[in-house]
Amino acid sequence: MQPLPRSFYNRDTTLVARELLGKHLIRVTPEGHRIGRIVEVEAYLGPHDLAAHTAKGLTERTRIMFGPPGHSYVYMIYGIHHCLNVVTEPAGHGAAVLLRALEPVAGLTGRTSGPGLLCRAMGIDRLWNGHDLLSSDFFITDPGTAVARIVARPRIGVDYARHWARRKLRFYERGNQFVSRP
DNA sequence: CTCGGGATGCGT
DNA sequence: CGCATCCCGAGG
């Protein structure tokens, strides 16, 4: 159970997004391991992507997303839920991949289909913003198992992003019952 | 300081 | 379809 290397994240965001499917998200807690298989993601490409938070430029909120790859970007949405992203590409680029759904593997209670539910099940909140995913308590690993065919669709909830709303930057594993909105 | 709106989820 | 609930970013 080795964390994926920094070089995995330091690549084209769409490629990283697709390759994150089938990987295992792991958090080590005092109560044991929480493990989920990533089955749905969205790519946010950088400041030119009007759906990305970094389209606002470098702010306090986007500081982590503009930082080095392989770190978590966690933010609160609607005052209720949290969303977990992984930062991609070299520092300064401002891209990330949103994790949208997990297939439960171990230690997960509650639903895991949807970015807010995923965070709740994994116990992730904004205190985890900026965490290095090459750590031993919270990381992503390659289980070495096969992934079914990948489906590409427009991202969810980004209608404000004009033509970027139509780009097929949401990816999920075909036929997987844990995908939030097949 | 105020104000508008949001990469959601749930109940009606 | 309404709404909870709060943080962020923009503007005064």
Side-chain angles (χ1 to χ4, degrees), chain A residues 9 11-21 23 25 27 34 36-67 69-89 92-104 108-131 133 138 140 150-173 176-182:
Chain A
Y9 303 100
R11 297 182 295 159
D12 173 80
T13 302
T14 301
L15 178 64
V16 174
R18 297 177 66 100
E19 292 195 5
L20 277 173
L21 294 177
K23 299 296 189 291
L25 178 66
R27 185 156 114 68
R34 297 187 189 185
R37 180 173 176 270
I38 300 169
V39 298
E40 178 185 351
V41 297
E42 285 179 359
Y44 289 85
L45 304 188
H48 58 294
D49 177 358
L50 296 182
H53 289 167
T54 47
K56 297 286 187 184
L58 176 58
T59 67
E60 179 55 31
R61 184 194 207 189
T62 60
R63 196 180 78 249
I64 300 300
M65 212 173 144
F66 275 112
H71 291 252
S72 60
Y73 167 49
V74 181
Y75 65 93
M76 175 175 276
I77 184 69
Y78 298 117
I80 307 173
H81 308 289
H82 294 272
C83 292
L84 168 64
N85 301 250
V86 299
V87 178
T88 58
E89 313 217 31
H93 192 96
V97 175
L98 170 68
L99 305 189
R100 287 193 55 92
L102 301 175
E103 177 180 333
L108 294 178
T109 55
R111 297 196 58 207
T112 54
S113 300
L117 293 172
L118 179 157
C119 283
R120 177 165 291 277
M122 289 295 293
I124 298 302
D125 60 23
R126 76 202 134 153
L127 296 178
W128 290 89
N129 188 34
H131 193 82
L133 294 173
F138 184 41
I140 299 174
I150 295 173
V151 179
R153 289 288 183 270
R155 293 169 292 185
I156 303 290
V158 295
D159 292 343
Y160 57 87
R162 302 195 292 174
H163 66 284
W164 283 95
R166 293 196 290 276
R167 291 281 299 273
K168 294 182 177 178
L169 293 171
R170 174 181 180 229
F171 305 99
Y172 59 85
E173 184 182 42
N176 191 290
Q177 63 171 321
F178 293 97
V179 170
S180 65
R181 282 170 53 178

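Listed by chain and residue number, A/E89, A/A95 satisfy the side-chain contact (heavy atoms from CB on, under 4.5 Å) test with A/H93 (two or more places apart in sequence, or in another chain). By the side-chain contact (heavy atoms from CB on, under 4.5 Å) test, A/R120 is found to be paired with no residue, residues two or more places apart in sequence or in another chain being considered.
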Exercise answer: donor-acceptor pairs, residues 164-172 of chain A side-chain atoms, under 3.5 Å, sequence neighbours excluded:
unit_1 : atom_1 : unit_2 : atom_2 : d
A/W164 : NE1    : A/H48  : O      : 3.2
A/R170 : NE     : A/E40  : OE2    : 2.9
A/R170 : NH1    : A/R181 : O      : 3.2
A/R170 : NH2    : A/E40  : OE2    : 2.8
A/R170 : NH2    : A/R181 : O      : 2.9

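Remark: P of B/dA7 and CZ of A/R181 are 14 Å apart, rounded to the nearest angstrom. C/dC8 atom P lies 11 Å from atom NE2 of A/H82, rounded to whole Å. One interatomic measurement links the two molecules: CG of A/D125 to P of C/dC7, which rounds to 12 Å at whole-angstrom precision. A/R167 has its CZ atom 18 Å from the P atom of B/dA7, to the nearest Å.
Contact record, A/Y73 with A/R61: CE1-O, 3.5 Å, taken as the closest heavy-atom pair. The heavy-atom pair separating A/L99 from A/V41 by the smallest distance is CD2-CG1, 3.9 Å. Nearest heavy atom pair, residue A/V74 against residue A/I124, reads CG2-CG2, 3.9 Å. Here the shortest heavy-atom pairing between A/L108 and A/R34 reads CD2-CB, 3.8 Å.
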What N/O pairs connect the protein and nucleotides 8-12 of chain B at under 3.5 Å? Give each pair on its own line.
unit_1 : atom_1 : unit_2 : atom_2 : d
B/dT8  : O2     : A/H81  : NE2    : 3.0
B/dG9  : OP1    : A/G114 : O      : 3.4
B/dG9  : OP1    : A/P115 : N      : 3.2
B/dG9  : OP1    : A/G116 : N      : 2.8
B/dG9  : OP1    : A/L117 : N      : 3.1
B/dG9  : O4'    : A/H81  : NE2    : 3.2

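In DNA chain C, stems built from 3 or more consecutive Watson-Crick or G-U wobble pairs, each with both distances under 3.5 Å, span B:1-6 with C:6-11, B:8-11 with C:1-4.
The stretch residues 48-65 of chain A touches DNA chain B through A/A51, A/H53, A/M65, each having a heavy atom within less than 4.0 Å of the strand.
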Audit row: A/L25, A/F138, side chain to side chain contact (heavy atoms under 4.5 Å, CB included) steps and yes/no: CA-CA 8 Å; A/L25 178 66; A/F138 184 41; 3.7 Å; yes
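Looking at A/V97, A/I140, A/V87 one by one, the single match for side chain to side chain contact (heavy atoms under 4.5 Å, CB included) with A/Y9 turns out to be A/I140.
Under a cutoff of 6.0 Å and an axis angle of 45°, A/R37 and A/F178 do not form a cation-pi pair.
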